**Student:** 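Before we start, here is the structure in question, set down as structure tokens.
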Amino acid sequence: MCLGPYNKNPVAEQRNASYRSSMNPVEIEEAVTGLAEEPFDRAEFPFQFLAAFGNKKTTISRLRKGNTNQSDIAGGVLQRSNIHIATCDSGTVGQTLTALRDSPKTGTNKAKFILATDGEEFQAEDLISGETVACDFADFPNHFGFFLPLAGITTVQQIRESSFDIRATSRLNRLYVTLLQDNPEWASPERRTDMNHFMARLIFCFFAEDTDIFHAGYQFTETVERMSSGAHEITHEVIGELFRAMNTKHADRTAQGIKTWAGGFPYVNGNLFGGDHALKKRSGSAEMEVPRFSKIARSYLIHIGNLDWTKINPDIFGSMIQAVADDEERGALGMHYTSVPNILKVLNPLLLDDLRSHLEEAGDNARKLLNLRNRMAKIRVFDPACGSGNFLVIAYKEMREIEAEINQRRGEPDRKTEMPLTNFRGIEYRSFPAEVARLALIIAEYQCDVLYRGQKEALAEFLPLDSENWITSGNALRLDWLSICPPTGTGVKVRGDDLFETPLDQSEIDFENAGGETYLCGNPPYLGSLNRNTEQQEDMDRVFGSISKNYKDLDYVAAWFLKAAQFGLATKADAAFVATKSICQGEQVEMLWGPLFKMGFSIKFAHRPFHWANLASNKAGVTCVIVGISNDGPETALLYDEGALLECRNIGPYLIPMSNVIVRKSSQAIHSLSKMDYGNKPTDGGNLILRKDEKDRLIAECPDAAKFVRGYMGSQEFIRSTARYCIWVEDDCLEEADHIPELHRRFNAVRKLRSASVGSQANANASTPHRFVFAPHRSGIAIIIPRVSSERRPYLPVGFVDDSTIVSDGAAVIYEAEVPLFSILASRMHQQWVATVCSRMRMDYRYSNTLGWNTFPLPKLTEQNKTDLTRCAENILLAREAHFPATIADLYDPEAMPEDLRRAHEENDEVLERIYIGRRFRNDTERLEKLFELYTKMTGKKAAA
DNA sequence: TATCCGACAGGCG
DNA sequence: CGCCTGTCGGATA
């Protein structure tokens, strides 16, 4: 997955900075390894151990002083809710661990782990899972994954199981940083590509020497170590010579003057060892360069080479290693990667399930099996945001498994694969991940060959590498996808770098006879309009500019869907991407699905919104969907919701079973009820807002200020009854207010903040700091509708406020509201509508006047209807009052909603639903059907009129 | 003028 | 420290 160089904006940068503060698995691995290399200090070890897992200095010094150390064991350190550690006399590790396990404090303080060591032996136990570790002290860093929950890392089980990948990443990270320090001229953006290329070559060599791709006696690491022994300054020459050998055919080596010690290395080629790109462009020469190694860098290199690289897992390793080269992402170190289960959520319904069902159907029929194999050989999988190639690697591995089964059944178990690696194509913005993706695929191919055909066969055909460059590094939204991934059988092979700028002449492709299928997949970057940089903004213009004029608020990821659709129109390719949920909610539905439906696409399968966990604790994640599109008119569509699968006739753009109805946001209501306003927006940096204590002090110090203070109510204040206040000054009282020193001070602060803002609205209002930048406030009784509220509540929480209170932009508001409006807003009908067509924050309801209120389909109300609804509203309000001082949050807690309140709502629903169909609806599905039907009717009539 | 969104953020128990 | 649930201001129309 690619995250381009975005975040020009200071807010986003700040977010990134805070993300870096917690330790990631790679940093922890480094710290733990460092700890094992130090001499064992019995008294200090527990604290060093905790520090290695990211505990803050203050936490540790408090533990050290004994303030928070709960241990009842001699030499013990017990951190509440985490770990009980004890160091002990030599040879007593077993007893000490037992003592820790039996310690009453271990239980009362909810320790998750116990750990005992004497500096020679190391034993630990995970008290929740019961897993244990027992090893030599020097080896305990190998088990660091075991302890990751100590750092709050529990969400991604896979990380824990990928100790090797994390360790390798950590070492490479160290080497990379050191090399950049030693060779500052390689840090320029231009040379960085060469550095990345160099790292990819190294990784290949480490893998090759451990898997016998390099012949015995010609080990890369060993050769480098031997030839540069005592002379680290020539390390780069040694490596350069080895690379040169691997780039030279055996027949030419003597003529090229390759040194004899390098002569036994195989010819690898495949561009991997070819001359470096930037240099070639600059001087026309393809001579490759190797960065210089300091003594430390050389020792890092040898250390890395001595790891067991056969354990490399190309599915996830790539995601981690790509982050090594990325200054922006180094802090997060690949933690945005797409896990294998999530990748399969895309690939299974997109193509793998179909292939597997054909395999099953073929049984042992040799002809059918052959057809399937031939079909698979012509399938291209194309990930236009491939990052380090996870999707492609998984697709390749899964398809190889199917092919192996075919060959098994056909009695050809050793058969060479029919699926060229070059059928798994990708585009990636950054050069290093693109390089890693190529490498990951090569490694995956080798591993599959070993698995399905045997090591001998795998080795025999592995080298030299195919030199085709089928993973393109560039901006996917500016490249011509057909040029990069034309269907198989068209006669167009992989095109050279220079051609990517020029779109493929479509006459080059014989689509009629192509026959090969293409499937597009991936997890492209998500970026709201707020966080895009200029280049990304222009990308959107290029992709959507000629299609619609209403696209600027679309998420960046939507551009991949549109390009995929355009690609699909030319070649009949289906596509499926992971995306932010917002492309299937709220205003974006119209912007994206309007054009896609018009182009003849529909949703073939989808995963309903699910939470994408973030490894860092205390950080919110993102809510994702997976959407597969096709213009092939599928007869049924598959809708996945967590574990469940629903087959339906059509999946609507809101990812529910329905027709392709799009609800458009509108500033005009389709019903004839009162106008709903957006709340009053301060843009004040908090200076016009007062907590209760601030308000009390202000009025105590200056009673004259009292008349400028009003209640201030948004979502939080209303739902949780947390009082806040605001300064509210009408223009004609400004002079008086400005004489109050505290208000004067606050006005100045607002003026300063608004002037300094990059937002035009803030600037425009800088000279009127006593006023909110948006202030529709009117007197009279108003209804407040929180902008965001929890999805757990069975009804939208709404309520009345009087005009001593200012409704903030944290809520919507209807001024001078009539009581029946409350009944409608508080109904199940309205909740269902808003839940479906409005956007969400996480999974929580997010209210919008233009999307939820103005579009709400409601039959015309009679006077009798209004009287009935008024009575219902009064009953709801009375029931709420009966439980004073319970907050709205208390009252609408689904576990604890009072019975009388629930009854009042039921009654309200009954009255309203009778207005729709003369009876109660059976369920929410029926409610939504009716609402969408009515919406279509009401908007259709309006359009005609 | 008006408003939708956040590869989100932060407080509470 | 994990769970629960909504701020706030910029970009855009």
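Convention: sequence-line order gives letters A, B, ...; per-chain numbering from 1. Quick caveat: nothing in here was measured; it's all calculated off a predicted structure.
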**Student:** With C1' as the reference atom in both, quote the distance from B:dA7 to C:dA13 in angstrom, rounded to an integer.
**Tutor:**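 B:dA7 and C:dA13 have their C1' atoms separated by 26 Å.
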**Student:** So what's the dot-bracket for DNA chain C: Watson-Crick or G-U pairs under 3.5 Å, [ ] if a pair crosses, | if it pairs off-strand?
**Tutor:** ||||||.||||||
**Student:** Is there a side-chain polar atom (N or O) of A:S760 under 4.0 Å from OP1 or OP2 of C:dG10?
**Tutor:**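 For C:dG10, OP1/OP2 do not have a side-chain N/O of A:S760 under 4.0 Å.
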**Student:** Separation of A:Q716 atom CD from C:dC8 atom C1', in whole Å?
**Tutor:**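 Distance, rounded to whole Å: 13 Å.
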**Student:** What's A:V773 touching, base or sugar-phosphate or nothing? Going by heavy atoms closer than 4.0 Å.
**Tutor:**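 No contact.
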**Student:** Would you mind listing every side-chain hydrogen bond (donor to acceptor under 3.5 Å, both in side chains) that reaches into residues 784-793 of chain A, with sequence neighbours excluded?
**Tutor:**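 The answer is none; no pair qualifies.
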**Student:** Please confirm whether A:F856 and A:H671 have ring centers closer than 6.0 angstrom.
**Tutor:**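 No, they do not, as the ring centres are separated by 6.0 Å or more.
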**Student:** Once you apply a heavy-atom cut-off of 4.0 Å, does A:Q537 come out as touching a base, just sugar-phosphate, or nothing?
**Tutor:**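 The answer is sugar-phosphate, as A:Q537 gets under 4.0 Å only of primed atoms, P, OP1 or OP2.
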**Student:** Among C:dT12, C:dG6, C:dC8, which nucleotide has an atom closest to any side-chain atom of A:Y712?
**Tutor:**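 Side chain of A:Y712 sits closest to C:dC8.
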**Student:** May I ask you to say what A:K549 touches in the nucleic acid, namely base, sugar-phosphate or nothing, with a heavy-atom cut-off under 4.0 Å?
**Tutor:**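 Nothing, no nucleic acid heavy atom in range.
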**Student:** C:dG9, B:dG6, C:dG6: which one has an atom nearest the side-chain heavy atoms of A:K581?
**Tutor:**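 Selected nucleotide: B:dG6.
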**Student:** Assess the side chains of A:Q831 and A:Y845: does a donor N or O sit below 3.5 Å from an acceptor N or O?
**Tutor:**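 Indeed, the side chains of A:Q831 and A:Y845 share at least one donor-acceptor pair under 3.5 Å.
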**Student:** Tell me which nucleotide among C:dG6, C:dG10, B:dG6 gets nearest to the side chain of A:N531.
**Tutor:**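 Among the listed nucleotides, the one closest to the side chain of A:N531 is B:dG6.
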**Student:** Round to a whole Å and report the spacing from CG of A:N765 to C1' of B:dT3.
**Tutor:**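 After rounding, the reported distance stands at 15 Å.
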**Student:** Between A:N533 (CG) and C:dG10 (P), how many Å, whole number?
**Tutor:**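 Those two atoms, CG and P, are 19 Å apart.
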**Student:** Taking for each residue the nucleotide of DNA chain B with the nearest heavy atom, is it A:T580 or A:M676 whose nucleotide lies nearer the 5' end?
**Tutor:**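 The 5'-side residue here is A:M676.
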**Student:** Nearest of C:dG6, B:dC5, C:dA11 to any side-chain atom of A:L530?
**Tutor:**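 Nearest nucleotide to the side chain: C:dA11.
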**Student:** Does a side-chain N or O of A:K112 approach OP1 or OP2 of C:dG2 to a distance below 4.0 Å, or not?
**Tutor:**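 Checking C:dG2 against A:K112, a side-chain N or O does come within under 4.0 Å of OP1 or OP2.
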**Student:** Which part of the nucleic acid, if any, lies within reach of A:R792 when heavy atoms closer than 4.0 Å are counted: base, sugar-phosphate only, or nothing?
**Tutor:**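 Sugar-phosphate, no base atom in range.
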**Student:** Report the residues that fulfil side chain to side chain contact (heavy atoms under 4.5 Å, CB included) with A:E538, sequence neighbours left out, ordered by chain and then residue number.
**Tutor:**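 A:R478, A:T534.
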**Student:** Regarding A:N763, tell me which of base, sugar-phosphate or nothing describes its non-hydrogen contacts under 4.0 Å with the strands shown.
**Tutor:**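 Answer is nothing: A:N763 stays at 4.0 Å or more from every strand.
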**Student:** Quick one: which residue pairs count as a salt bridge (Lys or Arg N to Asp or Glu O under 4.0 Å) with a foot in residues 759-774 of chain A, not counting sequence neighbours?
**Tutor:**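 As it turns out, the salt bridge (Lys or Arg N to Asp or Glu O under 4.0 Å) pairs with a partner in residues 759-774 of chain A, which skip direct neighbours, are A:D731-A:R771.
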**Student:** Can you tell me if A:D555 uses its side chain to pair, donor with acceptor, with the backbone of A:I583 under 3.5 Å?
**Tutor:**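 Between the backbone of A:I583 and the side chain of A:D555 there is no qualifying donor-acceptor contact (under 3.5 Å).
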**Student:** Would you please confirm or rule out a distance under 4.0 Å between OP1 or OP2 of C:dT7 and any side-chain N or O of A:R787?
**Tutor:**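 So the side chain of A:R787 is outside the cut-off, no N or O lying under 4.0 Å from OP1 or OP2 of C:dT7.
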**Student:** Output all residues satisfying salt bridge (charged side-chain N to carboxylate O under 4.0 Å, His left out) with A:K665, sequence neighbours left out; order by chain, then residue number.
**Tutor:**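 A:K665 satisfies salt bridge (charged side-chain N to carboxylate O under 4.0 Å, His left out) with A:E587 once adjacent residues are dropped.
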**Student:** Using the test side chain to side chain donor-acceptor pair (under 3.5 Å), find all partners of A:N748 that sit at least two apart in sequence or belong to another chain.
**Tutor:**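 For A:N748 the side chain to side chain donor-acceptor pair (under 3.5 Å) partners, ignoring immediate neighbours, are A:H744, A:R751.
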**Student:** Could you tell me whether A:S789 contacts a base, only the sugar-phosphate backbone, or nothing, with contacts defined as non-hydrogen atoms closer than 4.0 Å?
**Tutor:**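 The residue A:S789 makes sugar-phosphate contact but no base contact.
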**Student:** Can you tell me the distance, in whole Å, between the CG atom of A:N849 and the C1' atom of B:dC5?
**Tutor:**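 Computing the A:N849:CG to B:dC5:C1' distance gives 14 Å.
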**Student:** What is the separation between atom CG on A:D893 and atom C1' on B:dC12, rounded to the nearest whole Å?
**Tutor:**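 Answer to the nearest Å: 15 Å.
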**Student:** Please report, rounded to the nearest Å, how far the C1' atom of B:dC5 is from the CG atom of A:L554.
**Tutor:**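 After rounding, the gap between these two atoms is 12 Å.
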**Student:** Starting at the 5' end of DNA chain C and moving along, which residue's nearest nucleotide shows up first, A:S529 or A:E717?
**Tutor:**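 It is A:E717 whose nearest nucleotide is closer to the 5' end.
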**Student:** Contact class for A:D809 (heavy atom, under 4.0 Å): base, sugar-phosphate, or nothing?
**Tutor:**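 It contacts base atoms.
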**Student:** Counting side-chain heavy atoms from C-beta on, which of B:dT3, C:dT5, C:dA13 comes nearest to A:Y678?
**Tutor:**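 Given the options B:dT3, C:dT5, C:dA13, the side chain of A:Y678 is closest to B:dT3.
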**Student:** Please list, chain by chain and in numerical order, all residues satisfying side chain to side chain donor-acceptor pair (under 3.5 Å) with A:Q537, sequence neighbours excluded.
**Tutor:**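 Checked A:Q537 against side chain to side chain donor-acceptor pair (under 3.5 Å); matches are A:R532.
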**Student:** Determine the Euclidean distance between corresponding C1' atoms of B:dC5 and C:dT7; express it in Å to zero decimal places.
**Tutor:**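 Each nucleotide's C1' atom is 13 Å from the other's.
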**Student:** Contact class for A:S757 vs. all strands (heavy atom < 4.0 Å): base, sugar-phosphate, or nothing?
**Tutor:**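 A:S757: backbone/sugar contact only, no base atoms under 4.0 Å.
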**Student:** Tell me whether the OP1 or OP2 atom of C:dT5 has a side-chain N or O from A:S790 closer than 4.0 Å.
**Tutor:**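 Looking at the OP1 and OP2 atoms of C:dT5, one of them is under 4.0 Å from a side-chain N or O of A:S790.
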**Student:** So, are A:D677 and A:K675 salt-bridged, with charged N and O less than 4.0 Å apart?
**Tutor:**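 Yes.
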**Student:** Ignoring the backbone of A:D553, work out which of C:dA13, C:dG10, B:dC5 is nearest its side chain.
**Tutor:**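 For A:D553, the side-chain atoms sit closest to C:dA13.
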**Student:** Grab the CZ-C1' distance between A:F772 and B:dT3 for me, whole Å please.
**Tutor:**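 Going from CZ in A:F772 over to C1' in B:dT3 covers 17 Å.
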**Student:** Step through it carefully: locate the ring centre of A:W728, locate the ring centre of A:F772, and say whether they are under 6.0 Å apart.
**Tutor:**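 A:W728 vs A:F772: aromatic centres under 6.0 Å.
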**Student:** My understanding is that only residues two or more places apart in sequence, or in another chain, count here; which of them pass side chain to side chain donor-acceptor pair (under 3.5 Å) with A:R724?
**Tutor:**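 Here the qualifying residues are A:E717.
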**Student:** Nearest whole angstrom, please: distance from the P of B:dT3 to the CD of A:Q668.
**Tutor:**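 For the pair A:Q668 CD and B:dT3 P, the rounded distance is 11 Å.
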**Student:** Answer yes or no: does a side-chain N or O of A:R793 lie under 4.0 Å from OP1 or OP2 of C:dG6?
**Tutor:**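 For C:dG6, OP1 or OP2 has a side-chain N or O of A:R793 closer than 4.0 Å.
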**Student:** Hey, does A:K681 reach any base, or is it just sugar-phosphate, or nothing, if we go heavy atoms under 4.0 Å?
**Tutor:**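 If one applies the 4.0 Å heavy-atom cut-off, A:K681 turns out to touch a base.
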**Student:** Would you mind classifying the nucleic acid contact of A:R724 as base, sugar-phosphate or nothing, using non-hydrogen atoms under 4.0 angstrom?
**Tutor:**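 Here A:R724 touches the backbone only, sparing every base.
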**Student:** Could you list by number each residue of residues 832-845 of chain A showing a heavy-atom separation from DNA chain B of less than 4.0 Å, or answer none if no residue does?
**Tutor:**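 The answer is A:S839, A:M841, A:R842.
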**Student:** Please classify the nucleic acid contact of A:Q761 as base, sugar-phosphate, or nothing, using heavy-atom distances under 4.0 Å.
**Tutor:**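 Base, at least one base atom sits under 4.0 Å.
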**Student:** Nearest-nucleotide wise, let me know which of A:N854 and A:R846 is further upstream toward the 5' end of DNA chain B.
**Tutor:**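 Nearer the 5' end of the strand: A:N854.
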**Student:** So A:W833 and A:T855, do their side chains get closer than 4.5 Å, heavy atoms only?
**Tutor:**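 With C-beta onward as the side chain, the pair touches.
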